[in-house]
Amino acid sequence: MSKRDYYEVLGVDKNASKEEIKKAYRKLARKYHPDVNKEEGAADRFKEVKEAYETLSNDQKRAQYDQFGHAGTQGQGFGGFEGFGGAQDFGGFGDIFDMFFGGGGRRRDPNAPQQGADLQYTIVLDFEEAIFGKETDIKIPTEVTCKTCHGSGAKPGTKPKTCSHCHGTGQLNTEQNTPFGKVVNRRVCNYCGGTGKIITDKCTTCGGTGKVKQRKKIHISIPAGIDDGQQIRVSGKGEAGVNGGPNGDLYVVVQVKSHEFYKREGDNIYCELPLTFAQAALGDEVEVPTVHGKVKLKIPAGTQTGKTFRLKGKGAPNVHGYGHGDQHVKIRVITPTKLTDRQKEILREFNDIDGNSVANEQDDSFFQRFKKAFKGE
């Protein structure tokens, strides 16, 4: 199967800067890392992302790839590329350990503290809840440090042993001579799984993983004015860290239910106000429902369908505390269809004087939505 273009894999332009490439890589690597994503195909996607980044993050490799494509990357191992005057650091591989294993440089300490994985939770809010915010508790499935073995994975009274194959490094290195020099291929030790430790007597509670699954209750504050698609970061409420590392974070993604009368765009709220023909023609003072309560609105005589009035400060509060948006009220003139004989006579007389025909259009469902919003149902 042919490889995909590395720029396509990372979702960046061929003229992307190093910072743009690194940012795209970190986002995708965090999404598809096997410790975070258990879905089928995630591990392969993760390897593809890592391979693309290791090439495009290095100037020399990237130049070879831009000129020769995938053929220009053949024979280059992840551990380094030796020859032409000595070892050259092509970087990239250490970055992924920095992200997920807390390592530094090109080699990582499998026993070093590792930050726990981030978690994501979706919460559904009513329209008004998003406007005014709320305090609530949520329960999320997560992994926490096993209290029996305190995260070591070993049966109480025993300790993990240093892996004799990788000597505690968590990695196995192999060297290969190529026409370009010596290639050092580095891979995760398959005997200890990259931990550098072998557990002979596993903890019966966690099965040697050092973690147990449970549903954790977390209290969160929904800020007033939050909008659909925005998220709240709850620091330290993600997965438990490893080897004493810090917990990951929890990201609460907000979904807001639609409202039958109001629509929201940013901090502004929009609605339609039904008026009778007489109100629009003669003018009136009406009450308009807003999320903050009813307000009076003067309708000037001769108001047409589509005319919009602005109610300043009656929109949604800005989630960052920068005041309130406005409510925009669009007029919709409703023409009645059921008229008494006297009403018909008056309208015919008006039509004879005005010279215009009277349209017949009715929208009962719209009136019902307006009435329900007006009553606060």
Side-chain angles (χ1 to χ4, degrees), residues 23 26-40 42-43 45-46 96-102 112-153 156 195 203-259 264 266-267 291 316-322 324:
K23 183 178 180 180
R26 287 183 178 274
K27 180 180 178 181
L28 293 171
R30 188 177 293 277
K31 179 179 179 180
Y32 293 108
H33 192 274
D35 290 345
V36 178
N37 193 329
K38 305 298 182 182
E39 294 180 0
E40 184 178 354
R45 186 77 173 88
F46 175 73
I96 200 150
F97 285 128
D98 288 342
M99 287 179 61
F100 298 104
F101 301 107
Q114 304 168 25
Q115 183 174 3
D118 293 337
L119 296 176
Q120 180 174 297
Y121 179 89
T122 300
I123 187 171
V124 180
L125 302 177
D126 291 331
F127 188 87
E128 289 81 2
E129 288 177 329
I131 296 294
F132 298 108
K134 65 181 294 188
E135 301 282 330
T136 188
D137 291 326
I138 60 174
K139 288 186 177 181
I140 59 172
T142 184
E143 289 185 336
V144 298
T145 301
C146 176
K147 294 181 179 179
T148 304
C149 65
H150 304 290
S152 70
T195 64
C203 172
T204 56
T205 302
C206 64
T209 63
K211 297 180 180 179
V212 293
K213 293 183 178 180
Q214 72 173 39
R215 293 186 68 84
K216 183 166 58 175
K217 184 170 75 171
I218 298 174
H219 183 79
I220 59 173
S221 298
I222 307 294
I226 197 163
D227 206 352
D228 185 70
Q230 293 182 330
Q231 62 182 16
I232 304 165
R233 176 175 171 267
V234 187
S235 180
K237 296 301 182 181
E239 298 282 16
V242 179
N243 298 329
N247 289 358
D249 298 328
L250 169 66
Y251 290 87
V252 181
V253 179
V254 173
Q255 289 184 359
V256 181
K257 295 179 182 178
S258 60
H259 195 278
R264 179 177 174 183
D267 295 334
V291 293
N318 183 272
V319 72
H320 301 295
Y322 303 129
H324 286 69

Next on the checklist: What I'd like to find out is whether the side chain of C206 reaches to under 4.5 Å of the side chain of K211, using heavy atoms alone.
Outcome noted: no
Item to check | Side chains of L119 and I218 in contact at under 4.5 Å (non-hydrogen atoms) | outcome: no
Without swapping roles, check the side chain of [X] against the backbone of [Y] for a donor-acceptor pair under 3.5 Å.
X	Y	value
D267	H324	no
D249	G236	yes
R26	L28	no
N37	K31	yes

Next on the checklist: Assess the residue pair Q255 and D228 against the criterion (side chain to side chain contact (heavy atoms under 4.5 Å, CB included)); give the C-alpha distance rounded to whole Å, side-chain angles, the decisive distance to 0.1 Å, and a yes or no.
Outcome noted: CA-CA 5 Å; Q255 289 184 359; D228 185 70; 4.0 Å; yes
Gap between atom [atom2] of [Y] and atom [atom1] of [X] - 0.5 Å precision:
X	Y	atom1	atom2	value
I131	D227	CD1	CG	8.0 Å
I222	T136	CD1	OG1	7.0 Å
R45	E40	CZ	CD	15.0 Å
I140	K216	CD1	NZ	5.5 Å
H219	K217	NE2	NZ	10.0 Å
H33	D118	NE2	CG	12.5 Å

Can you give me the closest heavy-atom contact between [X] and [Y], atom names plus distance?
X	Y	answer
L125	E129	CA-OE1, 3.5 Å
V291	F132	O-CZ, 3.1 Å
Y32	F46	O-CB, 3.4 Å
I123	V252	CG2-CG1, 3.6 Å
V319	P223	CG2-CG, 3.9 Å
H150	T145	C-CG2, 3.7 Å

Next on the checklist: Using the rule given for side chain to side chain contact (heavy atoms under 4.5 Å, CB included), can you reason through T209 versus E143, listing the C-alpha separation, both sets of side-chain angles and the distance that settles it, and then say yes or no?
Outcome noted: CA-CA 10 Å; T209 63; E143 289 185 336; over 6 Å; no
Checklist entry - Would you say E39 has more than 12 foreign heavy atoms packed within less than 6.0 Å of its CD? => result no
